[in-house]
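Contents: one structure, followed by commentary.
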2 protein chains.
Amino acid sequence: MPKLGMEPIRRQALVKATIAEIGQHGTLDVTVSQIARRAGMSSALAHHYFGGKEQIFVAAMRYTMGVYAAEVRGALTMAQGSKERIEAIVRASFSSRNFRSETVAAWMNFYVLAQVSPEARRLLNVYHRRLRSNLAQGLKPLLGARGEAAASRVAALIDGVYLRQSLGEGEPNGPRAIRQVLEYVHLELGERR
Amino acid sequence: MPKLGMEPIRRQALVKATIAEIGQHGTLDVTVSQIARRAGMSSALAHHYFGGKEQIFVAAMRYTMGVYAAEVRGALTMAQGSKERIEAIVRASFSSRNFRSETVAAWMNFYVLAQVSPEARRLLNVYHRRLRSNLAQGLKPLLGARGEAAASRVAALIDGVYLRQSLGEGEPNGPRAIRQVLEYVHLELGERR
DNA sequence: TTTTTTATTGATTGACGCGTCAATAAAAAC
DNA sequence: GTTTTTATTGACGCGTCAATCAATAAAAAA
């Protein structure tokens, strides 16, 4: 009973199932069958639409990063002023849509995937560049030449907080993470307590 | 031609080979045979001494963390004064013995391992606690109550710098990483430029 | 209505890897 | 000098999994 136009639906179902499966196992060590079963289809169909396992992973990665990028973009359009822009980026990074245990686990594993798949590495580099550039754009007006270095540090801190979250049990605490990073940003901006 | 007392030698060879292999592949996706071959023995012997793959990984993790801990301890005994202690920890974290691409890759994968192996998770938690406690010990005399939060941030930043290094090609740049983290520490200590 | 295209899967294949075991050999203990 | 212990490996069984394929079925096109 094949309904037509299934491809995009199947693809999205697979991508979401992939993230869920990686999140649950905490590893890329998940089988195509597991992913396909969770997405409600046979593994053969997964291969049909994606070609292979690695491509499924890369698609999941692209999707995750797309969601994140959209979130940041959205937050940025609402922000006016350099400081507000930075805070918007940080808030978006730890918004409840991104900062859930599933996504955190997936994200960490994308770093591993990037060691193996050139395409994944490319994607991760795009994310890095964008994040740094976005932060620098907000920081440079306030810090001048020091803005670039500060942006690198903030970016690293964000990733570090993500990484550390992967060890914490239970759902990640977004607000706490935001406070943690923003406290550093405020320090960088010379606001003493 | 079995020489006696081989066990410790074999174990160490396997552990080092494991780190090298993970470093080269960037993944835990390495076979026991590959590890054993690199260590100059049969895979059967690896199983004989370690019991299984996961235990080999955990041993490699314990070893890596042991080297790191020793490095930090050594640097701490030479340091006097709170600020010096903090700088010593940071320097040790990015010393050329720890901050090489092989070790960075291994370290990242230990985070993945910790999602699967309870023992690995325990080890990583020990590392986290120790690092934070060491940093807090140096920061509290200088920052008072704020020291704890600052220690968390510095710890996260260190991990973040490690993570980001895993994407950079070529050997990690230790001095640069040290500068990056110390700049933040100095900021935290209220030293404006 | 026949043909083609799209959707879908069960079954299969081929490879690979972990862990085991029996067998060999040298040292140590007796 | 026999026995036990320690070291070591090749071979292999058993399971798993990615990927393929042939077969089925429904829609669309001709």
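Please read all numbers here as calculations on a predicted model, not as lab measurements. So you know, we letter chains A, B, ... as the sequences are listed, proteins then strands, and number each from 1.
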Whole angstroms only, please: what is the CG-P distance between B/Asp29 and D/dC17?
12 Å
side-chain hydrogen bond (donor to acceptor under 3.5 Å, both in side chains) between B/His186 and B/Glu87, intermediate numbers included:
CA-CA 10 Å; B/His186 295 155; B/Glu87 298 191 346; 3.0 Å; yes
Residue B/Lys53, side-chain atoms from C-beta onward, closest of C/dG19, D/dG10, D/dT6
C/dG19
Figure out the CG/P separation between A/Leu45 and D/dA26, and round it to whole Å.
17 Å
Which whole-number value in Å describes the distance from A/Met6 CE to D/dA27 P?
12 Å
May I ask you to decide if the ring planes of A/His128 and A/Tyr111 are parallel, tilted or perpendicular, using 30° and 60° as cut-offs?
tilted
Select base, sugar-phosphate, or nothing to describe what B/Ser42 touches, counting heavy atoms under 4.0 Å on all strands.
base
Under 4.0 Å, heavy atoms only, any strand: does A/Tyr49 hit a base, just the sugar-phosphate, or nothing?
sugar-phosphate
What is the separation between atom CG on A/Leu4 and atom C1' on D/dA27, rounded to the nearest whole Å?
5 Å
Atom-pair distance (CD1 on A/Ile9; C1' on C/dA7), nearest Å
12 Å
What's the CE-P distance between A/Met41 and C/dG10, to the nearest Å?
13 Å
A/Phe50 CZ - C/dA7 C1' separation (whole Å):
16 Å
I want to confirm an ordering. Mapping B/Ala44 and B/Pro8 to their closest nucleotides on DNA chain D, which one lands closer to the 5' end?
B/Pro8
Please say yes or no: joined through hydrophobic side-chain contacts below 4.5 Å, possibly via intermediate residues, are A/Val116 and B/Met108 part of one cluster?
no
note: B/Phe57, atom CZ; C/dC18, atom P; distance rounded to Å ~ 8 Å
Ignoring hydrogens, what is the shortest heavy-atom contact between A/Met61 and A/Ala120? Give both atom names and the distance.
CE-O, 3.1 Å
